[in-house]
Structure formats: structure tokens, C-alpha cells
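For reference, the structure is listed below as C-alpha cells.
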Amino acid sequence: MATTKIKPQTKSDKVIALLGRAKGASLDEICEASNWQPHSARTFMTGLRKKGFVLAREQRGDGGTAYRITSFPAAEDASA
């Protein structure tokens with residue numbers, strides 16, 4: 001019987017998944033999911049922008065701010 005090992009989801013993967021949702025994610029949601037401090041979460045989002053992700057900053061109805069990925073980098077750009 002062959003068993004396949006599933007790679008554990010990294011903090012980066014979790015945050016990218018949150019940012020990829022239609023409603024995006026607040027800074028608090030990102031910090032809670034990743035166990036990062038707010039400055040680390042902001043630095044991560046800056047790194048995503050440098051890698052070619054396009055992030056939008058939007059106001060939510062509750063007065064909070066949400067961040068959302070609106071465009072992912074092209075496949076050939078992602079390897080760089």
C-alpha cells in the first residue's frame with residue numbers, strides 16, 4: 001500500500017489563500033492565521049508585491065481595512 005506524504009501548509013500558503021478570497025483578509029486575520037506580528041504581515045505583503053502579486057487595499061462595511069490579491073504573477077515570473 002503506497003502512502004503519499006502531504007506537505008504541511010506553510011504560513012505563507014495560508015496567508016496567500018486568505019488574501020485570495022473574494023472578501024480578502026484584514027491585518028488581524030492575517031496575524032491570527034500566521035501568528036505573525038502586524039509589521040511582519042505588512043512586510044510579507046510588500047514581498048508579494050515585489051514578486052508580481054497585485055494587492056488591493058479596500059474598506060470593509062464594518063469600517064475595517066481588507067487586503068486582497070487582484071492579480072497573481074505570470075507563471076514565468078513566479079520562478080524568478
Side-chain angles (χ1 to χ4, degrees):
M1 176 184 276
T3 59
T4 57
K5 291 190 177 189
I6 298 174
K7 180 181 173 185
Q9 192 176 26
T10 64
K11 291 179 182 183
S12 297
D13 291 339
K14 289 178 186 178
V15 173
I16 290 171
L18 284 174
L19 293 170
R21 300 184 303 183
K23 68 176 187 173
S26 69
L27 190 60
D28 287 340
E29 290 170 329
I30 294 168
C31 292
E32 186 176 320
S34 62
N35 202 28
W36 289 335
Q37 295 294 315
H39 66 275
S40 298
R42 287 188 202 97
T43 301
F44 177 76
M45 288 189 285
T46 298
L48 287 179
R49 287 182 178 103
K50 288 182 179 181
K51 290 180 182 179
F53 289 84
V54 178
L55 274 73
R57 182 175 176 226
E58 304 166 334
Q59 290 297 107
R60 286 188 171 168
D62 62 3
T65 302
Y67 300 90
R68 184 172 55 88
I69 295 174
T70 59
S71 178
F72 289 84
E76 61 272 3
D77 292 343
S79 63

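- Residues meeting the side-chain contact (heavy atoms from CB on, under 4.5 Å) test with S26, sequence neighbours left out: D28, E29, R60.
- More than 12 heavy atoms of other residues, nucleotides or ligands lie within 6.0 Å of CZ in R49, so this atom counts as buried by the packing criterion.
- When all heavy atoms are compared, the tightest approach of A41 to C31 is CB-SG, 4.2 Å.
- The main-chain N or O of V54 is found under 3.5 Å from a side-chain atom of T70 such that the two form a donor-acceptor pair.
- Taking E58 as the reference, A56, R68 meet the side-chain contact (heavy atoms from CB on, under 4.5 Å) condition, with sequence neighbours excluded.
- Q59 pairs by the side chain to side chain donor-acceptor pair (under 3.5 Å) definition with T65, not counting sequence neighbours.
- Partners of R42 according to the salt bridge (charged side-chain N to carboxylate O under 4.0 Å, His left out) rule, which considers only residues two or more places apart in sequence or in another chain, do not exist here.
- Here L19 sits in one hydrophobic cluster together with V15, I16, L27, I30, W36, F44, M45, L48, F53, L55, Y67, I69, F72; the rule is ILVMFWY side chains under 4.5 Å apart, joined directly or through other members.
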